[in-house]
> 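Structure in structure tokens, see below.
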Amino acid sequence: MSIPGPDGRDLDRIRLLGLRAFGHHGVLAHERAQGQTFVADVVLHLDTRAAAATDDLADTVSYATVAEDVVAVLGGEPVDLLETLAERIAAVVLAHGVRAVDVTVHKPGAPLSVPFDDVELVIRRHADRDEDRGARAAGIPADDATGDARPTGDGDPTDDGGPIGEAGPTDDATGDAGRADDRVGAEVPGSDRRPAGPLTTRPAAEVPFVLALGANLGDAVATLRATVAALTAAEDVEVSAVSPLARTAAVLAPGQPDQPDYLNAVVVGTTTLAPLELFDLARRLEDAHGRAREERWGARTLDVDVITYADLRSDDPELTLPHPRAHERAFVLLPWSQVEPDAVLPEHGGVAELADRAADRSTVRWLALDWLEGPGEQGAR
Ligand SMILES: Nc1ncnc2c1ncn2[C@@H]1O[C@H](COP(=O)(O)OP(=O)(O)OP(=O)(O)O)[C@@H](O)[C@H]1O
Ligand SMILES: Nc1nc2c(c(=O)[nH]1)N=C(CO)CN2
């Protein structure tokens with residue numbers, strides 16, 4: 001069934017049917033141990049008119065890449081429920097920039113005691129900002145969302161109380177006008193639901209960003225690889241470099257129980273997404289890999305932090321820029337300095353020098369330079 005687009009006309013659909021992979025999902029021990037074939041049908045709802053006019057793949061979604069991402073979830077980290085599997089598939093597909101997706105997950109080998117042909121779960125998910133925010137509100141404890149639970153002295157953004165996108169030291173008295181070239185782009189559709197401002201404004205031209213990835217639960221290498229692949233495939237995002245993979249001791253709050261080592265990497269690139277759109281993409285990728293948000297600095301399947309977006313400064317607790325703790329984290333600074341040796345973190349200084357001074361510097365060990373391909377190390381510990 002078609003869905004109306006923003007102009008009221010029906011969206012088009014790309015249907016990928018019978019995508020399959022051998023997976024280990026299920027509640028029962030033998031399902032986890034032996035595995036079985038899982039099948040997915042995905043229907044992408046999008047407007048294909050621009051691509052039809054230009055005949056250019058860049059104006060639509062590459063169904064081949066979507067298919068690879070879906071199969072990676074089917075054959076990836078085991079989950080108990082078809083519901084979880086379908087939700088993860090929806091999240092990786094939405095990360096490609098389609099407006100909505102229908103996901104049908106089939107489990108023809110389900111452990112039933114009666115004859116049957118198939119078990120199917122069908123879900124529809126929208127890339128609608130209200131719904132994104134609803135899901136986020138449901139998944140994140142209030143403390144976490146406001147930053148209130150952060151220890152004192154680590155840059156709690158709520159202490160600063162400044163306005164969104166407060167002008168930084170590089171800006172003159174004209175504030176945002178000082179960055180006019182970067183900030184005059186279109187408002188994000190639906191941004192009326194968030195206060196209009198620099199965080200919801202798309203740049204007129206591509207701007208640089210830095211993302212930090214971390215994982216210390218599950219098959220961390222596979223998760224990080226899939227995340228880089230999804231970022232590379234994402235609409236309006238150009239990945240220009242990915243750092244070597246580092247193995248790092250978990251940096252914990254005082255008294256926090258020990259955790260497995262992390263695998264960390266940094267992705268740099270350019271984007272025409274608004275800052276909060278880039279942040280939402282990061283959140284969707286975390287959700288796609290089953291990120292739980294129960295404990296601050298808890299062990300996690302995937303963390304994607306926005307470290308910098310152009311030269312934007314923001315004191316908004318939802319998206320503080322630059323990331324308020326990046327300057328003291330060797331697990332961010334060292335990988336970043338590997339791909340951008342001369343990078344500077346506004347207000348703090350050269351990234352390579354900051355890395356050398358960071359308290360966790362000695363715990364960072366390089367695992368692999370070419371970790372995006374090949375067998376890699378399985379898991380963080
Ligand atoms: N630059 C940023 N990147 C990612 N999250 C941010 C940023 N600025 C503020 N936040 C907010 O921080 C909150 C906690 O995010 P997250 O769960 O990723 O934290 P964490 O990884 O446990 O800790 P840390 O923020 O110290 O890395 C979220 O509500 C998010 O909106
Ligand atoms: N080594 C390491 N430690 C952490 C990390 C991380 O990515 N790597 N992330 C945290 C919260 O974002 C807390 N501690």
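All residue numbers refer to positions in the sequence shown, counting from 1. Atoms within a ligand are numbered from 1 in the order they appear, just like the ligands themselves.
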> Is any side-chain heavy atom of L281 closer than 4.5 Å to a side-chain heavy atom of L231?
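They are in contact (side-chain heavy atoms under 4.5 Å apart), so the answer is yes.
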> Are any of the N/O atoms on D316, whether in the backbone or the side chain, positioned under 3.5 angstrom from an N/O atom of ligand 1?
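Not met; the criterion fails.
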> Going by the atom numbers of ligand 1, which of them fall below 4.0 Å from some non-hydrogen atom of R329?
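Near R329, meaning under 4.0 Å from one of its heavy atoms, ligand 1 has 24 (P), 26 (O), 27 (O).
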> Could you grab the distance from atom CG of L273 to atom CG of D236, nearest 0.5 Å is fine?
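Atom-to-atom, L273:CG and D236:CG are 5.0 Å apart.
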> With heavy-atom distances below 4.0 Å as the criterion, list the atoms of ligand 1 near F279.
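Per the distance check, 4 (C), 5 (N), 30 (C), 31 (O).
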> For ligand 1, which is the ligand I care about here, please tell me if V306 has any N or O atom under 3.5 Å from one of the ligand's N or O atoms.
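Yes, there is a polar N/O contact under 3.5 Å.
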> Look at atom CG of D56 and say whether more than 12 heavy atoms of other residues, nucleotides or ligands are closer to it than 6.0 Å.
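For D56, atom CG is crowded (more than 12 foreign heavy atoms under 6.0 Å).
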> Is it the side chain (CB and beyond), the backbone, both or neither of L319 that lies under 4.0 Å from ligand 1, heavy atoms counted?
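Both parts.
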> Please compare L321, L276, T320 and report which has the shortest non-hydrogen distance to atom 8 (N) of ligand 1.
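Residue with the shortest heavy-atom distance to the ligand atom: T320.
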> Is the count of non-hydrogen atoms from other residues, nucleotides or ligands lying under 6.0 Å from D117 atom CG greater than 12?
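It does not: D117 CG has 12 such atoms or fewer within range.
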> With a 6.0 Å cut-off (strictly less than), is the heavy-atom count around CD of Q256, excluding the residue itself, greater than 12?
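Result for CD/Q256: enclosed.
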> Atom OH in Y262, atom CG in L213: separation rounded to 0.5 Å?
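Going from OH on Y262 over to CG on L213, the span is 12.5 Å.
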> Which is closest to atom 20 (P) of ligand 1 in terms of heavy atoms, E286, R283, R300, E295?
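Minimum heavy-atom distance to atom 20 (P) of ligand 1 goes to R300.
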> I want to confirm something. Looking only at heavy atoms, which of E318, H323, R296 is nearest to atom 2 (C) of ligand 1?
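It is H323 whose heavy atom sits nearest to atom 2 (C) of ligand 1.
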> With heavy atoms of R325 as the reference, note each atom of ligand 1 found under 4.0 Å away.
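Once the distances to R325 are compared, the set is 24 (P), 25 (O), 26 (O).
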> So which bit of P317 gets within less than 4.0 Å of ligand 1, heavy atoms only: side chain, backbone, both or neither?
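The backbone, only.
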> Identify, by atom number and element, the atoms of ligand 1 in contact range of D303, meaning under 4.0 Å from any of its heavy atoms.
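By the 4.0 Å cutoff, the relevant atoms are 18 (O), 21 (O).
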> Can any side-chain N or O of E286 pair as donor or acceptor with the backbone N or O of V304 at less than 3.5 Å?
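Side chain of E286 to backbone of V304: a pair is present.
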> Identify all N/O pairs between ligand 2 and the protein with a separation under 3.5 Å and present them as a table of atom names and distances.
residue	atom	partner	partner atom	Å
ligand 2	1 (N)	T248	OG1	2.7
ligand 2	1 (N)	A249	O	2.7
ligand 2	3 (N)	V251	N	2.9
ligand 2	7 (O)	N264	ND2	2.8
ligand 2	8 (N)	N264	OD1	3.0
ligand 2	12 (O)	R300	NH1	3.4
ligand 2	12 (O)	D303	OD2	2.9
ligand 2	14 (N)	V251	O	2.8

> Closer than 4.0 angstrom, basic N to acidic O: yes or no for D303 and R291?
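Yes, charged N to carboxylate O under 4.0 Å.
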> Between E328 and R325, does any side-chain N to carboxylate O distance fall below 4.0 Å?
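No, no charged N to carboxylate O under 4.0 Å.
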> Could you tell me whether R361 and D356 make a salt bridge, using a distance below 4.0 angstrom between a side-chain N and a carboxylate O?
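Yes, R361 and D356 are salt-bridged.
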> Once you round to the nearest 0.5 Å, how far does NZ of K107 lie from CG of L85?
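Here the interatomic distance stands at 9.0 Å.
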